[in-house]
Amino acid sequence: MPSHQSILPPPRLTTEEPGSFASFSLEKRLPVILGKLIDNADTAVLHALQQLATEMREGKITTLPPVIFGTLDQIIKPYSGRSWANMPFLTVELYFYARILLAFGYSTAAPADPFQLAKEAANLQAIESLATLVEYCDPDCDTHKLLRWSVIGNTADLSQHTIPEADQVSLLVDERDAATKLIASRMQRIDLVFDNAGMDVLTDLLLIRKISSYCSHIVAHVRPYPMFVSDMTMINMESLIEKLGISSIPAARKLGEDITQLLRQNQLTLRTSPALGLPASFYADETLTRETFENAELVIFKGDLNYRYFAGDRRWPHTTEKDYFLQRFGRSALFLRTLKSEVLAGLTPEVAAKTTTLQPDWLTCGHYGIIQVFTG
Ligand SMILES: O=P(O)(O)OC[C@H]1O[C@](O)(CO)[C@@H](O)[C@@H]1O
């Protein structure tokens, strides 16, 4: 067995790998997302979106304007002139969403959000459904239950072709006991990285309320730009908390009031994190991790994409030891995710063996969830 230091990171996921989820995304998934925007676009943005559709098929990566997307333009520059079909997966996805935003006239002064209506509709629908989910909304609901529900909530993802029903999700890794113990261990600071709008973010807010009974400071991170269709931004978050607070559904209103109270008391901080708009790989980038998570003792990564942000977009052998990542990340991590992409590590040999019996697309179909804890 090689020492951790000598493990070389495996190849990055790229769009040139035939049969990969990355190449499927480029050929099928992203064009559908773009097609829906084109169908509803007014003439001012239509041409730019159509141009983007053509470039994705035949054209090359071009440079991005500086500043608007942080340092993404610097990251894209070396790829200028490359085919879309020969790009690192996360990098090309971020480029795709940046180009969509530019087509809509996005600028720092005028932050357009082409996905806002869809996210708001998802949030409203999720708020309504809290009326029938009273047991989860009880502030005394146990952490176990909230963690499980949080994974189910992660099926709510508007960037996917098909979205499984809650009862179709089974847990491949269930480390709820360890997660519950960690959360209750009286830490000074726990961070959570939000993912999607809708039921996904509501399950996160319920979990945050629960965590607040154990932890003195919670920092919750959102993406800096509207990306990946349903990912939450600060504007979306503020609007959601306001809507919860004035909801006619008592459980939703109580959640809104409790979150507002935590914010007022500075026990909860919401933060827009620039790293979440870059092709980051937290386990490997000490500086970015320190800048983003500072002295957090535990980071909860919600959703599939944020797992990729933690582990880097690489074809990890699934049994790569948790310790390998932990040594670099320098704090505990908890993952609440349904599997929708090919990045996965830290499995025991027993669980890895079980995966060979699953349906061929088990990594991406969204039918399998994980509650996975990396801790020292
Ligand atoms: O909303 P989630 O759970 O982060 O999933 C996002 C999806 O988009 C992806 O980033 C692929 O575009 C995958 O990580 C996943 O399929």
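Counting starts at 1 for both ligands and their atoms, in listed order. Quick caveat, the model's predicted, so the values are computed rather than measured.
Near Phe21, meaning under 4.0 Å from one of its heavy atoms, ligand 1 places the atoms 11 (C), 16 (O). Within ligand 1, counting atoms from 1 as listed, the ones closer than 4.0 Å to a heavy atom of Glu93 are 9 (C), 10 (O), 11 (C), 12 (O). Listed by atom number, the atoms of ligand 1 under 4.0 Å from Phe228 heavy atoms are 10 (O). Heavy-atom contacts of Asn154 reach the following atoms of ligand 1: 3 (O) (cutoff under 4.0 Å). Interface atoms of ligand 1 facing Asn196, defined by a heavy-atom separation under 4.0 Å, are 1 (O), 2 (P), 3 (O). Close contacts of ligand 1 with Asp195, meaning ligand atoms under 4.0 Å from a residue heavy atom, involve 1 (O), 2 (P), 3 (O), 4 (O).
Counting all heavy atoms, side chain and backbone alike, Val169 lies closest to Tyr368 at CG1-C, 4.4 Å.
In the hydrophobic cluster analysis, where Ile, Leu, Val, Met, Phe, Trp and Tyr join through side-chain heavy atoms closer than 4.5 angstrom, Ile235 is grouped apart from Phe115.
For atom 10 (O) of ligand 1, the choice among Arg29, Arg308, Met227, Lys302 with the nearest heavy atom turns out to be Arg308.
Under the 3.5 Å distance criterion, with hydrogens and angles disregarded, no donor-acceptor pair is assigned to the side chains of Gln327 and Tyr283. For the 3.5 Å distance criterion, the side chains of Asn236 and Ser239 fail to qualify, holding no donor opposite an acceptor.
Lys254 and Asp258 are joined by a salt bridge, as a carboxylate oxygen and a charged side-chain nitrogen come within less than 4.0 angstrom of each other.
When ring centroids are compared, Phe310 and Phe335 come within the 6.0 Å threshold.
Looking at Asp304 next to ligand 1, an N or O pair under 3.5 Å apart turns up.
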